[in-house]
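All ligand and atom numbering here is 1-based and tracks the order in the structure.
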Amino acid sequence: MEKLIKVFAPATVANVVCGFDVLGFAVNQPGDEVIMRVTHKPGITISKITGDNGRLPLDPYKNTVGVSVQHYLDSIGRTDIGLDIELHKKMPIGSGLGSSSASTVAGLFAAKTLLGDETDAVKLLPFAMKGEEMACGHGHADNVAPALLGGFVLIRSYEPLDIVKLPHPQGLYCAIVFPDVDVPTREARQIIRNKIFMKDAVTQWGNIAGLVSGLFMNDIDLIGRSMIDILVEPVRSMLIPDFYKMREMAMNSGAVSFGISGSGPSVFAFTRDEETARLITQKLQQHLTSIKIGSNIYVSEINDKGPKIL
Ligand code: HSE
């Protein structure tokens, strides 16, 4: 058995605008890293966390990575083993980019690999969802599933869990801007309406079906015109500085679509090429600077691989 492993797991864009809690995709960067070692004493320890400004607990029972790895060990009956975790956060917390998911998926993938467990990675999903439940009060899978499996993922059903990997056009770029304001997922979920009108549901499921069809048909125009969210975005956009201004700027600069990444505050645009994605991130960053808001920007293609051993 290997004694030490270093794993990277990617950030993810959940919802993909119209698919609240059911669609997500992974990007190449940013992401988190976990270094895991086998120790002599049974149980999990977390010896180090970097890049979190002291926000995350070292107590393995309070840390999403510790909790999800423990659930995994319990499920395979390996409570005899000792694992030490170093978590290196390489992405902002509370950004809407699946920060907790990247960490838990890196931890679970590291544990599975160290233990030589050959079962399919999708089997780790319920444990990663436990981490999400702890992080924001709800075990949604639209960040953890693409972080774990890579690519574009549909959560067709939660009970029973039914995960479908979707194709996507090659050469589609994602421009991501994280405005440096705090939007905790737990709170961003609490402000959403619980009941919706049938006519709004019709609009929304038409758009979800349109987006999924566009992915299968390599039809970027269809993807773009389907990425409209009339249920969640009108509420959550209030938490994001100049959201509609940023949309206008992105669309005028050649974006295919624009919306909130996960629960925000990050926003993202799809583009047909890298140059347009870079232009959009620069323009939006300049705009945020002009209203005195710092930001991080990322440009990536869709990451089809998911976690990787470094
Ligand atoms: N689907 C989740 C939400 C994703 O929108 O609350 C959180 O990143």
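At a 4.0 Å heavy-atom cut-off, ligand 1 touches D21 through backbone and side chain alike. Looking at N143 against ligand 1, only its side chain comes within 4.0 Å, counting heavy atoms. Neither the backbone nor the side chain of R186 comes within contact range of ligand 1; no heavy atom lies under 4.0 Å.
In summary, the atoms of ligand 1 found under 4.0 Å from a heavy atom of A14, numbered by their order in the structure, are 4 (C). Distances below 4.0 Å separate heavy atoms of N15 from the following atoms of ligand 1: 1 (N), 2 (C), 3 (C), 5 (O). Every atom of ligand 1 with a heavy atom of H140 under 4.0 Å away is listed here by number and element: 2 (C), 4 (C), 7 (C). Counting the atoms of ligand 1 from 1 in the order shown, those under 4.0 Å from a heavy atom of F20 are 3 (C), 5 (O), 6 (O). Residue D142 approaches ligand 1 through these ligand atoms, each under 4.0 Å from one of its heavy atoms: 1 (N), 2 (C), 4 (C).
Side chains of E301 and N28: a donor-acceptor N/O pair is absent below 3.5 angstrom, by distance only. Judged by distance alone, the side chains of Q285 and H287 never bring a donor and an acceptor atom under 3.5 Å apart. For the residue pair D74 and Q70, a side-chain donor N or O sits within less than 3.5 Å of a side-chain acceptor on the partner. A donor atom on one side chain and an acceptor atom on the other are found under 3.5 Å apart for T45 and D84. Side chains of T271 and T276: a donor-acceptor N/O pair is absent below 3.5 angstrom, by distance only.
Residue H138 places every heavy atom at 4.0 Å or more from ligand 1.
Taking the six-membered ring for Trp, F258 and F243 have ring centres closer than 6.0 Å.
Summary of contacts: the protein heavy atom closest to atom 3 (C) of ligand 1 is R189 NH1, 3.2 Å.
For NZ of K130, the number of neighbouring non-hydrogen atoms (other residues, nucleotides, ligands) closer than 6.0 Å is 12 at most.
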